[in-house]
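The chains referred to below are lettered A, B, ... by the order of the sequence lines, with proteins before strands, and numbering in each begins at 1.
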2 protein chains.
Amino acid sequence: MSAGSVVGAEPLGIIAGGGDLPLRVAEAAAAAGRPVHVVVLEGQGDPGAFSAFPHVVLRFGLAATMLRWLREAGARQIVLAGRVTRPSILSLRPDGAGMSLLSRIGRAAFRGDDSILSAVIRVLREDGFEVLGAQHVLEDLLPPPGLLAGEAPGEAAHADIARGVAVCRALGAVDVGQACVVQQGLVLAVEAIEGTDAMLARSAALRRDGPPGVLVKCVKPGQSRLADLPTIGPATVRGAAAAGLAGLAFEANGTIVMDRAGTLAAARAAGLFVLAFDAETVLKETET
Amino acid sequence: MSAGSVVGAEPLGIIAGGGDLPLRVAEAAAAAGRPVHVVVLEGQGDPGAFSAFPHVVLRFGLAATMLRWLREAGARQIVLAGRVTRPSILSLRPDGAGMSLLSRIGRAAFRGDDSILSAVIRVLREDGFEVLGAQHVLEDLLPPPGLLAGEAPGEAAHADIARGVAVCRALGAVDVGQACVVQQGLVLAVEAIEGTDAMLARSAALRRDGPPGVLVKCVKPGQSRLADLPTIGPATVRGAAAAGLAGLAFEANGTIVMDRAGTLAAARAAGLFVLAFDAETVLKETET
(Lines give C-alpha, C1' and ligand atoms only; values in the text may rest on other atoms or scores of the structure.)
Protein backbone atom coordinates (compact mmCIF):
# COMPACT_ATOMS: atom_id res chain seq x y z
CA MET A 1 0.00 0.00 0.00
CA SER A 2 1.42 3.44 -0.83
CA ALA A 3 0.48 6.90 0.38
CA GLY A 4 -1.88 7.05 -2.62
CA SER A 5 -4.23 4.55 -1.11
CA VAL A 6 -4.73 6.61 2.00
CA VAL A 7 -5.22 9.93 0.21
CA GLY A 8 -8.63 11.40 0.89
CA ALA A 9 -10.68 13.30 3.37
CA GLU A 10 -10.98 10.50 5.92
CA PRO A 11 -9.49 11.54 9.27
CA LEU A 12 -6.36 9.69 10.41
CA GLY A 13 -5.59 9.05 14.06
CA ILE A 14 -1.98 8.87 15.21
CA ILE A 15 -0.87 7.52 18.58
CA ALA A 16 2.53 9.13 18.91
CA GLY A 17 5.57 7.90 20.83
CA GLY A 18 9.05 9.45 20.69
CA GLY A 19 11.29 10.31 17.76
CA ASP A 20 10.63 11.94 14.39
CA LEU A 21 8.43 9.27 12.88
CA PRO A 22 5.01 10.34 14.23
CA LEU A 23 5.44 13.92 12.96
CA ARG A 24 6.54 12.68 9.55
CA VAL A 25 3.47 10.45 9.36
CA ALA A 26 1.26 13.37 10.40
CA GLU A 27 2.78 15.69 7.80
CA ALA A 28 2.54 13.13 5.00
CA ALA A 29 -1.10 12.38 5.79
CA ALA A 30 -1.92 16.10 6.00
CA ALA A 31 -0.12 16.70 2.68
CA ALA A 32 -2.32 13.98 1.18
CA GLY A 33 -5.36 15.96 2.30
CA ARG A 34 -6.37 14.02 5.40
CA PRO A 35 -7.39 15.62 8.67
CA VAL A 36 -4.96 14.37 11.31
CA HIS A 37 -5.69 13.83 15.01
CA VAL A 38 -2.80 13.02 17.31
CA VAL A 39 -2.75 11.36 20.71
CA VAL A 40 0.65 12.13 22.21
CA LEU A 41 1.68 9.51 24.76
CA GLU A 42 2.63 11.35 27.93
CA GLY A 43 6.33 11.12 28.68
CA GLN A 44 7.02 9.51 25.30
CA GLY A 45 6.08 11.89 22.50
CA ASP A 46 6.76 15.63 22.22
CA PRO A 47 3.44 17.56 22.25
CA GLY A 48 5.17 20.72 20.94
CA ALA A 49 5.89 18.97 17.63
CA PHE A 50 2.19 18.59 16.94
CA SER A 51 1.02 22.17 17.51
CA ALA A 52 -0.19 22.29 13.89
CA PHE A 53 -2.61 19.42 14.52
CA PRO A 54 -5.50 18.77 16.88
CA HIS A 55 -3.85 16.76 19.64
CA VAL A 56 -4.25 15.57 23.20
CA VAL A 57 -1.60 14.37 25.65
CA LEU A 58 -2.65 11.31 27.61
CA ARG A 59 -0.94 8.69 29.69
CA PHE A 60 -1.18 4.97 28.87
CA GLY A 61 -3.64 4.33 31.65
CA LEU A 62 -6.19 6.53 29.87
CA ALA A 63 -6.25 4.34 26.76
CA ALA A 64 -10.05 4.27 26.72
CA THR A 65 -10.10 8.10 26.69
CA MET A 66 -7.67 8.08 23.73
CA LEU A 67 -9.94 5.81 21.73
CA ARG A 68 -13.07 7.81 22.56
CA TRP A 69 -11.34 11.03 21.49
CA LEU A 70 -10.17 9.50 18.21
CA ARG A 71 -13.58 8.03 17.51
CA GLU A 72 -15.30 11.35 18.18
CA ALA A 73 -12.86 12.97 15.74
CA GLY A 74 -14.07 10.50 13.13
CA ALA A 75 -10.75 8.66 12.87
CA ARG A 76 -11.38 5.05 11.99
CA GLN A 77 -7.81 4.41 10.81
CA ILE A 78 -5.00 4.61 13.38
CA VAL A 79 -1.23 4.61 13.04
CA LEU A 80 0.91 3.68 16.07
CA ALA A 81 4.19 5.47 15.47
CA GLY A 82 7.32 6.32 17.40
CA ARG A 83 9.44 4.92 20.16
CA VAL A 84 7.61 3.80 23.27
CA THR A 85 9.11 2.79 26.58
CA ARG A 86 6.86 0.33 28.29
CA PRO A 87 5.44 2.01 31.38
CA SER A 88 6.06 0.56 34.80
CA ILE A 89 3.09 -1.07 36.45
CA LEU A 90 2.95 1.75 39.01
CA SER A 91 2.84 4.53 36.42
CA LEU A 92 -0.09 3.01 34.54
CA ARG A 93 -2.71 4.27 37.02
CA PRO A 94 -5.58 3.23 34.75
CA ASP A 95 -9.03 4.76 35.18
CA GLY A 96 -12.06 2.45 35.17
CA ALA A 97 -12.30 2.21 31.39
CA GLY A 98 -8.52 1.89 31.11
CA MET A 99 -8.61 -0.97 33.59
CA SER A 100 -11.18 -2.74 31.48
CA LEU A 101 -8.99 -2.25 28.38
CA LEU A 102 -5.96 -3.43 30.31
CA SER A 103 -7.74 -6.60 31.29
CA ARG A 104 -8.47 -7.22 27.59
CA ILE A 105 -4.76 -6.78 26.81
CA GLY A 106 -4.27 -9.14 29.69
CA ARG A 107 -1.25 -11.16 30.51
CA ALA A 108 0.53 -9.94 27.36
CA ALA A 109 1.17 -6.68 29.20
CA PHE A 110 3.57 -8.58 31.42
CA ARG A 111 5.46 -10.29 28.63
CA GLY A 112 7.63 -8.79 25.89
CA ASP A 113 7.05 -5.64 23.88
CA ASP A 114 5.80 -7.41 20.83
CA SER A 115 3.22 -9.43 22.75
CA ILE A 116 1.89 -6.15 24.15
CA LEU A 117 1.70 -4.47 20.75
CA SER A 118 -0.05 -7.44 19.21
CA ALA A 119 -2.55 -7.37 22.05
CA VAL A 120 -3.07 -3.61 21.69
CA ILE A 121 -3.63 -4.00 17.93
CA ARG A 122 -6.11 -6.80 18.55
CA VAL A 123 -8.05 -4.65 21.03
CA LEU A 124 -8.10 -1.70 18.60
CA ARG A 125 -9.49 -3.95 15.87
CA GLU A 126 -12.13 -5.39 18.18
CA ASP A 127 -13.18 -1.81 18.85
CA GLY A 128 -13.68 -1.20 15.13
CA PHE A 129 -10.45 0.64 14.32
CA GLU A 130 -8.19 -0.22 11.39
CA VAL A 131 -4.50 -0.17 12.33
CA LEU A 132 -2.09 1.01 9.61
CA GLY A 133 1.69 0.91 9.67
CA ALA A 134 3.68 4.13 9.25
CA GLN A 135 4.90 2.58 5.99
CA HIS A 136 1.37 2.72 4.63
CA VAL A 137 1.41 6.51 4.92
CA LEU A 138 5.08 7.23 4.19
CA GLU A 139 6.42 5.86 0.93
CA ASP A 140 9.86 4.24 0.78
CA LEU A 141 10.06 3.89 4.56
CA LEU A 142 11.19 0.23 4.47
CA PRO A 143 14.01 -0.39 1.95
CA PRO A 144 13.91 -3.63 -0.07
CA PRO A 145 17.04 -5.84 -0.20
CA GLY A 146 20.14 -4.15 -1.57
CA LEU A 147 23.33 -2.29 -0.82
CA LEU A 148 22.37 1.31 -0.02
CA ALA A 149 25.79 2.81 0.71
CA GLY A 150 29.45 1.87 0.77
CA GLU A 151 31.23 -1.17 -0.58
CA ALA A 152 29.62 -4.60 -0.38
CA PRO A 153 30.68 -6.34 2.87
CA GLY A 154 33.59 -8.76 2.49
CA GLU A 155 33.77 -12.32 3.76
CA ALA A 156 34.46 -11.41 7.41
CA ALA A 157 31.62 -8.87 7.60
CA HIS A 158 29.35 -11.28 5.76
CA ALA A 159 30.01 -14.00 8.36
CA ASP A 160 29.38 -11.47 11.15
CA ILE A 161 26.06 -10.51 9.55
CA ALA A 162 25.00 -14.16 9.37
CA ARG A 163 25.88 -14.69 13.04
CA GLY A 164 24.06 -11.48 13.95
CA VAL A 165 20.91 -12.61 12.17
CA ALA A 166 20.97 -15.93 14.04
CA VAL A 167 21.41 -14.09 17.36
CA CYS A 168 18.66 -11.55 16.59
CA ARG A 169 16.32 -14.38 15.65
CA ALA A 170 17.00 -16.20 18.91
CA LEU A 171 16.49 -13.00 20.91
CA GLY A 172 13.43 -12.04 18.93
CA ALA A 173 11.88 -15.45 19.50
CA VAL A 174 11.75 -14.64 23.23
CA ASP A 175 10.58 -11.10 22.38
CA VAL A 176 13.67 -9.22 23.58
CA GLY A 177 15.79 -6.90 21.41
CA GLN A 178 16.09 -6.35 17.69
CA ALA A 179 19.82 -5.69 17.36
CA CYS A 180 23.32 -6.88 18.16
CA VAL A 181 26.94 -6.06 17.34
CA VAL A 182 29.17 -8.84 16.02
CA GLN A 183 32.92 -8.69 15.34
CA GLN A 184 35.04 -11.62 14.19
CA GLY A 185 32.18 -13.95 15.03
CA LEU A 186 32.05 -12.66 18.60
CA VAL A 187 28.86 -11.05 19.85
CA LEU A 188 30.08 -7.83 21.47
CA ALA A 189 26.68 -6.57 22.56
CA VAL A 190 23.05 -7.50 22.48
CA GLU A 191 20.18 -5.04 22.70
CA ALA A 192 17.52 -5.21 25.40
CA ILE A 193 15.53 -2.09 26.36
CA GLU A 194 18.48 0.32 26.40
CA GLY A 195 18.10 0.88 22.64
CA THR A 196 20.53 0.71 19.76
CA ASP A 197 22.36 3.98 20.44
CA ALA A 198 23.29 2.91 23.98
CA MET A 199 24.31 -0.53 22.75
CA LEU A 200 26.59 1.01 20.12
CA ALA A 201 28.09 3.34 22.71
CA ARG A 202 29.20 0.44 24.90
CA SER A 203 30.43 -1.58 21.91
CA ALA A 204 33.17 0.98 21.34
CA ALA A 205 34.89 -0.19 24.53
CA LEU A 206 34.40 -3.87 23.70
CA ARG A 207 35.82 -3.94 20.18
CA ARG A 208 39.00 -5.82 19.45
CA ASP A 209 41.85 -5.40 16.96
CA GLY A 210 41.51 -6.72 13.47
CA PRO A 211 38.57 -6.90 11.07
CA PRO A 212 35.86 -4.49 12.27
CA GLY A 213 32.38 -5.55 13.34
CA VAL A 214 28.86 -5.02 12.10
CA LEU A 215 25.59 -3.73 13.56
CA VAL A 216 22.77 -6.13 12.71
CA LYS A 217 19.07 -5.26 13.15
CA CYS A 218 16.19 -7.65 12.51
CA VAL A 219 12.45 -7.81 12.85
CA LYS A 220 11.43 -10.28 15.56
CA PRO A 221 10.07 -13.55 14.16
CA GLY A 222 6.29 -13.22 14.02
CA GLN A 223 6.43 -9.51 14.89
CA SER A 224 3.55 -7.39 13.65
CA ARG A 225 4.83 -5.07 10.92
CA LEU A 226 2.36 -2.42 12.06
CA ALA A 227 4.39 -0.91 14.86
CA ASP A 228 7.72 -0.95 16.69
CA LEU A 229 9.76 -1.90 13.63
CA PRO A 230 13.55 -1.72 13.92
CA THR A 231 14.73 1.76 12.95
CA ILE A 232 17.97 3.32 11.84
CA GLY A 233 18.87 6.91 11.08
CA PRO A 234 21.83 9.30 10.98
CA ALA A 235 22.44 8.88 14.75
CA THR A 236 22.73 5.10 14.25
CA VAL A 237 25.39 5.66 11.60
CA ARG A 238 27.30 8.06 13.86
CA GLY A 239 27.14 5.51 16.71
CA ALA A 240 28.34 2.72 14.44
CA ALA A 241 31.22 4.85 13.19
CA ALA A 242 32.22 5.77 16.74
CA ALA A 243 32.15 2.06 17.66
CA GLY A 244 34.60 1.34 14.84
CA LEU A 245 32.19 -0.83 12.87
CA ALA A 246 32.46 -1.69 9.17
CA GLY A 247 28.80 -1.12 8.51
CA LEU A 248 25.09 -1.54 9.29
CA ALA A 249 23.05 -4.45 8.07
CA PHE A 250 19.30 -4.66 8.61
CA GLU A 251 16.34 -6.73 7.57
CA ALA A 252 14.86 -5.55 4.29
CA ASN A 253 11.15 -4.66 4.04
CA GLY A 254 10.94 -4.45 7.82
CA THR A 255 13.42 -1.80 9.02
CA ILE A 256 12.56 1.88 9.01
CA VAL A 257 15.28 4.15 7.65
CA MET A 258 14.58 7.65 8.95
CA ASP A 259 15.94 10.53 6.86
CA ARG A 260 17.25 8.17 4.24
CA ALA A 261 19.33 10.77 2.37
CA GLY A 262 20.95 11.98 5.60
CA THR A 263 21.55 8.43 6.82
CA LEU A 264 23.24 7.30 3.62
CA ALA A 265 25.26 10.51 3.32
CA ALA A 266 26.54 10.01 6.87
CA ALA A 267 27.45 6.40 6.05
CA ARG A 268 29.34 7.39 2.90
CA ALA A 269 31.18 10.14 4.76
CA ALA A 270 32.23 7.66 7.48
CA GLY A 271 33.11 4.90 5.01
CA LEU A 272 30.47 2.49 6.35
CA PHE A 273 28.34 0.16 4.30
CA VAL A 274 24.56 0.11 4.69
CA LEU A 275 22.99 -3.16 3.62
CA ALA A 276 19.34 -4.25 3.57
CA PHE A 277 19.30 -8.05 3.59
CA ASP A 278 16.72 -10.75 3.16
CA ALA A 279 16.96 -12.69 6.44
CA GLU A 280 15.92 -16.04 4.98
CA THR A 281 18.60 -15.76 2.29
CA VAL A 282 21.28 -14.91 4.86
CA LEU A 283 20.27 -17.83 7.11
CA LYS A 284 20.14 -20.24 4.17
CA GLU A 285 23.64 -19.23 3.05
CA THR A 286 24.93 -19.91 6.55
CA GLU A 287 23.61 -23.45 6.66
CA THR A 288 25.67 -24.51 3.65
CA MET B 1 33.67 -36.32 42.24
CA SER B 2 35.03 -34.53 45.31
CA ALA B 3 38.46 -33.23 46.16
CA GLY B 4 39.13 -36.63 47.71
CA SER B 5 39.26 -38.33 44.34
CA VAL B 6 42.05 -36.08 43.11
CA VAL B 7 44.16 -36.32 46.25
CA GLY B 8 47.56 -37.89 45.56
CA ALA B 9 50.95 -37.20 44.17
CA GLU B 10 49.93 -36.90 40.53
CA PRO B 11 50.81 -33.46 39.14
CA LEU B 12 47.89 -31.19 38.19
CA GLY B 13 48.10 -28.71 35.33
CA ILE B 14 46.09 -25.48 35.52
CA ILE B 15 45.51 -23.19 32.57
CA ALA B 16 44.66 -19.96 34.33
CA GLY B 17 42.53 -17.06 33.14
CA GLY B 18 41.45 -14.07 35.27
CA GLY B 19 39.76 -13.88 38.65
CA ASP B 20 40.30 -15.76 41.90
CA LEU B 21 39.25 -19.22 40.76
CA PRO B 22 42.57 -20.50 39.31
CA LEU B 23 44.48 -19.66 42.49
CA ARG B 24 41.83 -21.31 44.65
CA VAL B 25 42.07 -24.45 42.51
CA ALA B 26 45.86 -24.39 42.76
CA GLU B 27 45.79 -23.98 46.54
CA ALA B 28 43.21 -26.72 47.04
CA ALA B 29 45.17 -29.17 44.87
CA ALA B 30 48.43 -28.30 46.65
CA ALA B 31 46.71 -28.74 50.03
CA ALA B 32 45.62 -32.20 48.86
CA GLY B 33 49.27 -33.03 48.24
CA ARG B 34 49.46 -32.62 44.46
CA PRO B 35 52.29 -30.84 42.65
CA VAL B 36 50.68 -27.96 40.72
CA HIS B 37 51.92 -26.51 37.42
CA VAL B 38 50.27 -23.34 36.15
CA VAL B 39 50.10 -21.90 32.65
CA VAL B 40 49.04 -18.28 33.07
CA LEU B 41 47.32 -16.98 29.95
CA GLU B 42 49.06 -13.77 29.00
CA GLY B 43 46.86 -10.72 29.45
CA GLN B 44 44.20 -12.79 31.25
CA GLY B 45 45.63 -14.28 34.43
CA ASP B 46 47.81 -12.62 37.06
CA PRO B 47 51.27 -14.29 37.15
CA GLY B 48 52.07 -12.69 40.52
CA ALA B 49 49.31 -14.74 42.16
CA PHE B 50 51.12 -17.98 41.28
CA SER B 51 54.60 -17.20 42.61
CA ALA B 52 54.30 -20.17 45.01
CA PHE B 53 53.90 -22.57 42.07
CA PRO B 54 55.95 -23.50 39.03
CA HIS B 55 54.35 -21.39 36.29
CA VAL B 56 54.85 -19.98 32.82
CA VAL B 57 53.12 -17.07 31.13
CA LEU B 58 52.17 -17.77 27.54
CA ARG B 59 49.87 -16.24 24.96
CA PHE B 60 47.07 -18.23 23.30
CA GLY B 61 49.03 -18.61 20.08
CA LEU B 62 51.62 -20.72 21.92
CA ALA B 63 49.10 -23.37 22.93
CA ALA B 64 51.37 -26.15 21.71
CA THR B 65 54.15 -24.84 23.96
CA MET B 66 51.72 -24.84 26.92
CA LEU B 67 50.84 -28.46 26.36
CA ARG B 68 54.47 -29.52 25.95
CA TRP B 69 55.41 -27.73 29.19
CA LEU B 70 52.54 -29.39 31.09
CA ARG B 71 53.35 -32.81 29.67
CA GLU B 72 57.03 -32.47 30.59
CA ALA B 73 55.93 -31.55 34.12
CA GLY B 74 54.08 -34.86 34.24
CA ALA B 75 50.62 -33.27 34.38
CA ARG B 76 48.12 -35.54 32.70
CA GLN B 77 45.10 -33.90 34.32
CA ILE B 78 44.33 -30.28 33.42
CA VAL B 79 41.89 -27.76 34.86
CA LEU B 80 40.85 -24.77 32.72
CA ALA B 81 39.93 -22.10 35.25
CA GLY B 82 39.24 -18.40 35.30
CA ARG B 83 37.78 -15.72 33.12
CA VAL B 84 39.08 -15.62 29.56
CA THR B 85 38.47 -12.92 26.97
CA ARG B 86 38.60 -14.43 23.54
CA PRO B 87 41.67 -13.03 21.80
CA SER B 88 41.31 -11.06 18.59
CA ILE B 89 42.48 -12.82 15.48
CA LEU B 90 45.40 -10.40 15.20
CA SER B 91 46.65 -11.01 18.74
CA LEU B 92 46.79 -14.78 18.29
CA ARG B 93 50.10 -14.76 16.36
CA PRO B 94 50.41 -18.55 16.53
CA ASP B 95 53.77 -20.24 16.02
CA GLY B 96 53.96 -23.27 13.71
CA ALA B 97 52.73 -25.77 16.28
CA GLY B 98 50.13 -23.30 17.50
CA MET B 99 48.85 -22.93 13.95
CA SER B 100 48.50 -26.67 13.67
CA LEU B 101 46.54 -26.76 16.95
CA LEU B 102 44.44 -23.85 15.78
CA SER B 103 43.55 -25.69 12.61
CA ARG B 104 42.37 -28.62 14.76
CA ILE B 105 40.18 -26.25 16.77
CA GLY B 106 39.07 -25.04 13.41
CA ARG B 107 35.99 -23.06 12.56
CA ALA B 108 34.80 -23.22 16.16
CA ALA B 109 37.35 -20.52 16.93
CA PHE B 110 35.21 -18.13 14.93
CA ARG B 111 31.94 -19.03 16.57
CA GLY B 112 30.82 -18.57 20.15
CA ASP B 113 32.80 -19.06 23.33
CA ASP B 114 31.35 -22.40 24.16
CA SER B 115 32.08 -23.87 20.72
CA ILE B 116 35.71 -22.82 21.20
CA LEU B 117 35.95 -24.35 24.66
CA SER B 118 34.40 -27.60 23.50
CA ALA B 119 36.89 -27.71 20.65
CA VAL B 120 39.81 -26.95 22.98
CA ILE B 121 38.69 -29.70 25.36
CA ARG B 122 38.39 -32.13 22.46
CA VAL B 123 41.93 -31.30 21.28
CA LEU B 124 43.31 -31.71 24.82
CA ARG B 125 41.69 -35.12 25.09
CA GLU B 126 43.00 -36.19 21.70
CA ASP B 127 46.45 -35.24 22.99
CA GLY B 128 46.04 -37.59 25.95
CA PHE B 129 45.11 -35.09 28.67
CA GLU B 130 42.20 -35.49 31.03
CA VAL B 131 40.24 -32.26 31.53
CA LEU B 132 38.76 -31.70 34.98
CA GLY B 133 36.37 -28.97 36.08
CA ALA B 134 37.34 -26.63 38.92
CA GLN B 135 34.44 -28.24 40.82
CA HIS B 136 36.32 -31.55 40.77
CA VAL B 137 39.11 -29.98 42.83
CA LEU B 138 37.14 -27.50 44.95
CA GLU B 139 34.32 -28.97 46.99
CA ASP B 140 30.98 -27.17 47.21
CA LEU B 141 31.76 -24.91 44.26
CA LEU B 142 28.41 -25.46 42.53
CA PRO B 143 25.44 -25.16 44.91
CA PRO B 144 22.54 -27.59 44.47
CA PRO B 145 18.96 -26.22 44.25
CA GLY B 146 17.84 -24.19 47.22
CA LEU B 147 17.44 -20.77 48.78
CA LEU B 148 20.88 -19.68 50.00
CA ALA B 149 20.07 -16.26 51.42
CA GLY B 150 17.15 -13.91 51.96
CA GLU B 151 13.44 -14.52 51.74
CA ALA B 152 12.02 -16.80 49.05
CA PRO B 153 11.13 -14.74 45.94
CA GLY B 154 7.46 -13.76 45.72
CA GLU B 155 5.18 -14.13 42.73
CA ALA B 156 6.56 -11.15 40.76
CA ALA B 157 10.20 -12.18 41.24
CA HIS B 158 9.30 -15.76 40.47
CA ALA B 159 7.74 -14.73 37.12
CA ASP B 160 10.83 -12.63 36.34
CA ILE B 161 13.07 -15.62 37.06
CA ALA B 162 11.05 -17.80 34.70
CA ARG B 163 11.26 -15.19 31.95
CA GLY B 164 14.99 -14.80 32.59
CA VAL B 165 15.56 -18.53 32.26
CA ALA B 166 13.73 -18.57 28.92
CA VAL B 167 15.82 -15.62 27.68
CA CYS B 168 19.10 -17.14 28.90
CA ARG B 169 18.20 -20.41 27.21
CA ALA B 170 17.51 -18.65 23.89
CA LEU B 171 20.75 -16.67 24.15
CA GLY B 172 22.71 -19.69 25.22
CA ALA B 173 21.40 -21.72 22.30
CA VAL B 174 23.24 -19.31 19.98
CA ASP B 175 26.24 -19.39 22.33
CA VAL B 176 26.05 -15.77 23.53
CA GLY B 177 25.73 -14.70 27.18
CA GLN B 178 24.77 -16.47 30.36
CA ALA B 179 22.85 -13.75 32.15
CA CYS B 180 20.09 -11.19 31.98
CA VAL B 181 18.17 -8.78 34.20
CA VAL B 182 14.38 -8.94 34.23
CA GLN B 183 11.97 -6.60 35.99
CA GLN B 184 8.17 -6.81 35.78
CA GLY B 185 8.54 -9.23 32.87
CA LEU B 186 10.65 -6.73 30.95
CA VAL B 187 14.19 -7.71 29.97
CA LEU B 188 16.25 -4.70 31.06
CA ALA B 189 19.62 -6.04 29.94
CA VAL B 190 21.15 -9.04 28.30
CA GLU B 191 24.77 -10.11 28.71
CA ALA B 192 27.15 -10.47 25.77
CA ILE B 193 30.92 -10.20 26.28
CA GLU B 194 30.82 -7.20 28.63
CA GLY B 195 30.28 -9.49 31.61
CA THR B 196 27.75 -9.50 34.41
CA ASP B 197 29.21 -6.60 36.41
CA ALA B 198 28.96 -4.23 33.43
CA MET B 199 25.47 -5.47 32.63
CA LEU B 200 24.35 -4.84 36.21
CA ALA B 201 25.91 -1.38 36.15
CA ARG B 202 23.81 -0.32 33.16
CA SER B 203 20.67 -1.95 34.57
CA ALA B 204 20.64 0.61 37.36
CA ALA B 205 19.73 3.33 34.84
CA LEU B 206 17.12 1.16 33.13
CA ARG B 207 15.11 0.07 36.13
CA ARG B 208 11.55 1.25 36.59
CA ASP B 209 9.33 1.99 39.54
CA GLY B 210 7.47 -0.81 41.24
CA PRO B 211 8.40 -4.40 42.00
CA PRO B 212 12.19 -4.79 41.69
CA GLY B 213 13.91 -7.04 39.18
CA VAL B 214 16.09 -10.12 39.30
CA LEU B 215 19.50 -11.14 37.96
CA VAL B 216 19.26 -14.54 36.28
CA LYS B 217 22.30 -16.63 35.31
CA CYS B 218 22.16 -19.94 33.47
CA VAL B 219 24.46 -22.51 31.95
CA LYS B 220 24.16 -22.52 28.16
CA PRO B 221 22.19 -25.52 26.84
CA GLY B 222 24.73 -28.19 25.93
CA GLN B 223 27.58 -26.24 27.53
CA SER B 224 30.49 -28.28 28.82
CA ARG B 225 30.52 -28.13 32.61
CA LEU B 226 34.32 -28.29 32.57
CA ALA B 227 35.03 -24.60 31.99
CA ASP B 228 33.52 -21.15 31.68
CA LEU B 229 30.62 -21.84 34.03
CA PRO B 230 28.51 -18.86 35.09
CA THR B 231 29.98 -17.34 38.24
CA ILE B 232 28.73 -15.09 41.00
CA GLY B 233 30.54 -13.61 43.98
CA PRO B 234 30.39 -10.70 46.41
CA ALA B 235 30.89 -8.18 43.56
CA THR B 236 27.83 -9.60 41.79
CA VAL B 237 25.77 -9.06 44.93
CA ARG B 238 27.03 -5.48 45.26
CA GLY B 239 26.18 -4.82 41.59
CA ALA B 240 22.72 -6.32 41.99
CA ALA B 241 22.08 -4.22 45.09
CA ALA B 242 23.24 -1.06 43.31
CA ALA B 243 20.90 -1.90 40.42
CA GLY B 244 17.97 -2.07 42.83
CA LEU B 245 17.28 -5.76 42.26
CA ALA B 246 15.34 -8.05 44.57
CA GLY B 247 17.81 -10.88 44.24
CA LEU B 248 20.05 -13.22 42.28
CA ALA B 249 18.83 -16.49 40.80
CA PHE B 250 21.16 -18.94 39.12
CA GLU B 251 21.18 -22.44 37.73
CA ALA B 252 21.93 -25.02 40.39
CA ASN B 253 24.76 -27.52 39.95
CA GLY B 254 26.24 -25.35 37.21
CA THR B 255 26.98 -21.91 38.65
CA ILE B 256 30.17 -21.20 40.57
CA VAL B 257 29.69 -19.21 43.78
CA MET B 258 33.06 -17.70 44.65
CA ASP B 259 33.64 -16.92 48.33
CA ARG B 260 30.30 -18.37 49.31
CA ALA B 261 30.32 -17.06 52.87
CA GLY B 262 31.19 -13.53 51.69
CA THR B 263 28.64 -13.66 48.89
CA LEU B 264 25.79 -14.75 51.14
CA ALA B 265 26.77 -12.32 53.89
CA ALA B 266 26.71 -9.47 51.35
CA ALA B 267 23.29 -10.59 50.13
CA ARG B 268 21.85 -10.76 53.64
CA ALA B 269 23.28 -7.34 54.46
CA ALA B 270 21.70 -5.86 51.32
CA GLY B 271 18.38 -7.69 51.78
CA LEU B 272 18.70 -9.65 48.53
CA PHE B 273 17.69 -13.25 48.00
CA VAL B 274 20.13 -15.74 46.49
CA LEU B 275 18.40 -18.69 44.86
CA ALA B 276 19.87 -21.74 43.10
CA PHE B 277 17.15 -23.13 40.83
CA ASP B 278 16.66 -26.21 38.74
CA ALA B 279 16.14 -24.80 35.23
CA GLU B 280 13.90 -27.61 34.01
CA THR B 281 11.60 -27.19 37.00
CA VAL B 282 11.37 -23.42 36.42
CA LEU B 283 10.60 -23.86 32.72
CA LYS B 284 8.02 -26.56 33.43
CA GLU B 285 6.23 -24.34 35.95
CA THR B 286 6.04 -21.57 33.36
CA GLU B 287 4.33 -23.73 30.76
CA THR B 288 1.38 -24.43 33.00
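Only the side chain of L171(B) comes within contact range of chain A, with heavy atoms under 4.5 Å apart. Neither the backbone nor the side chain of R207(A) comes within less than 4.5 Å of any heavy atom of chain B. For L188(A), the parts lying under 4.5 angstrom from a heavy atom of chain B are both the backbone and the side chain.
We find that R122(A) and E126(A) are joined by a salt bridge, their nearest charged nitrogen and carboxylate oxygen being less than 4.0 Å apart.
Contact check for L41(B) versus M66(B): side-chain heavy atoms found under the 4.5 Å cut-off.
For E191(A), the salt bridge (Lys or Arg N to Asp or Glu O under 4.0 Å) test picks out no residue, with sequence neighbours left out. Contacts of E155(A) classified as salt bridge (Lys or Arg N to Asp or Glu O under 4.0 Å), with partners at least two apart in sequence or in another chain: none.
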